[in-house]
Amino acid sequence: MRVGQSPQGVSMRVDGRELLTFCSNDYLGLANHPDIVAALQMGAARWGVGSGAAHLVNGHFEPHDALEFALAEWLRVDRSLLFSTGYMANLAVVGGLVGRGDTVVADKLNHASLVDAAQLSGATLRRYRHGDMADARRQLMRATGTRMLLTDGVFSMDGDVAPLADLMALAEEFDAWLVVDDAHGFGVWGEEGRGSLSELGLIDAGVPEYLVQVGTLGKAFGTAGAFVAGASQPVEVLLQRARSYLFTTAQPPALAVATLASLAIVKSATDLRASWRARVAEFKRGLPPGIELMPSQTPIQPVLVGDSTQAVAWSTRLADAGLWVPAIRPPTVPQGASRLRVTISAAHTPAHIEHLTNALTGLEFTQNPDFPPPPC
Ligand SMILES: *Cc1c(COP(=O)(O)O)cnc(C)c1O
């Protein structure tokens with residue numbers, strides 16, 4: 001483990017060295033934002049630290065309620081429900097809405113938490129080839145019981161976006177739930193940061209009842225926790241039944257105060273969303289020939305390497321040059337698809353991007369597997 005000695009940011013002190021980082025999910029640079037820090041401090045002064053109990057016991061406080069209300073209003077849905085982590089939110093949504101005898105139809109490249117959630121739910125898990133809607137349709141035709149389509153909005157290791165319009169059409173046709181985990185879309189894009197569905201113009205006329213969205217607060221929001229947002233009925237089911245909601249301590253109310261401050265910034269952060277887009281464009285322009293990017297319009301810009309030893313060697317060389325770019329290897333990604341997962345933040349400057357593209361240009365990619373940097 002590398003040990004950070006300064007707050008999360010595009011420049012971090014790590015094990016006694018200053019590193020320029022291209023690995024966090026803090027896409028808007030809010031993790032150490034002064035207004036959010038102040039909100040957390042004020043929240044702790046007013047509400048203490050621990051919530052002391054689960055939400056349904058006596059751990060649900062006014063800031064939790066206000067945040068759930070604000071998130072629902074922002075996303076124009078009936079309700080939202082707070083969770084301590086995105087992992088737990090996913091366990092709740094899948095396990096709360098389907099079970100034994102039902103079927104989850106899921107993209108093969110879904111985040112590990114969605115895979116685990118499907119397995120733990122007891123429903124039959126049918127996985128379709130990444131983004132392949134013909135395959136998804138085949139799996140739906142074989143499905144029994146209640147059907148659920150389950151997908152990342154933005155895929156966490158590839159940066160591409162799910163074919164959400166087609167998935168919505170399939171959900172309607174097959175009377176299925178559509179669960180979109182937009183951990184990497186919320187805040188990052190869409191009108192007022194409303195995520196991938198908004199970016200693609202799919203919820204301009206309203207959010208359909210079959211659509212349940214999951215968002216995490218530890219990424220673009222810069223705080224911690226997660227939410228599920230949707231129509232009253234499914235959200236109420238989760239509140240009553242989901243074990244990862246019922247049997248865990250509520251997040252600290254001060255954290256909800258901090259996230260309310262973050263949400264206010266996210267909604268109006270048109271400038272920050274323009275910044276990461278500009279930095280991504282600079283990154284793509286500045287890359288040396290021969291370096292292959294994956295097809296992504298998001299802040300996740302993986303450099304495909306293939307061989308895992310080579311990916312580690314590149315990452316090590318970049319670390320030597322003062323840049324923290326993690327090598328992502330199997331089992332996080334498929335065999336032969338190792339990559340450098342470059343993530344770009346609104347907090348990066350053009351000079352930061354130039355530093356990275358220069359380092360990638362200047363590297364002689366010798367293999368040195370003795371010092372593998374850990375993935376972020
Ligand atoms: C990070 C992530 C999660 C987990 O969220 P945490 O709040 O970190 O537990 C879930 N889904 C996706 C797609 C993610 O990228």
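Counting from 1, the numbers follow the sequence of the chain as shown. Just the heavy atoms: all of them, side chains too, but no hydrogens, waters or symmetry mates, feed the values below. One-based numbering, in listed order, for ligands and for the atoms of each. As the structure is a computational prediction, the values presented were derived from the model and not from experiment.
- Partners of Glu18 by salt bridge (Lys or Arg N to Asp or Glu O under 4.0 Å), not counting sequence neighbours, listed by chain and number: Arg13.
- Taken from OG1 in Thr151 to CG in Leu164, the straight-line distance is 6.5 Å, to the nearest 0.5 Å.
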- Message: Show, in sequence, the C-alpha distance, side-chain angles and deciding distance for His348 and Phe22, and conclude whether the ring-ring contact (aromatic ring centres under 6.0 Å, His included) test is met.
- Response: CA-CA 9 Å; His348 283 120; Phe22 292 92; 4.4 Å; yes
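- Salt bridge annotation for Arg137-Glu173: present, with a cationic side-chain nitrogen under 4.0 angstrom from a carboxylate oxygen.
- Phe186 meets the ring-ring contact (aromatic ring centres under 6.0 Å, His included) test with Trp74, Phe227; sequence neighbours excluded.
- Considering only residues two or more places apart in sequence or on other chains, Tyr245 meets the ring-ring contact (aromatic ring centres under 6.0 Å, His included) condition with His55, Phe83.
- Ordered by chain and residue number, the residues placing a heavy atom less than 4.0 Å from ligand 1 are Thr85, Gly86, Tyr87, Asn90, His111, Ser113, Asp152, Ser156, Asp181, Ala183, His184, Thr216, Lys219.
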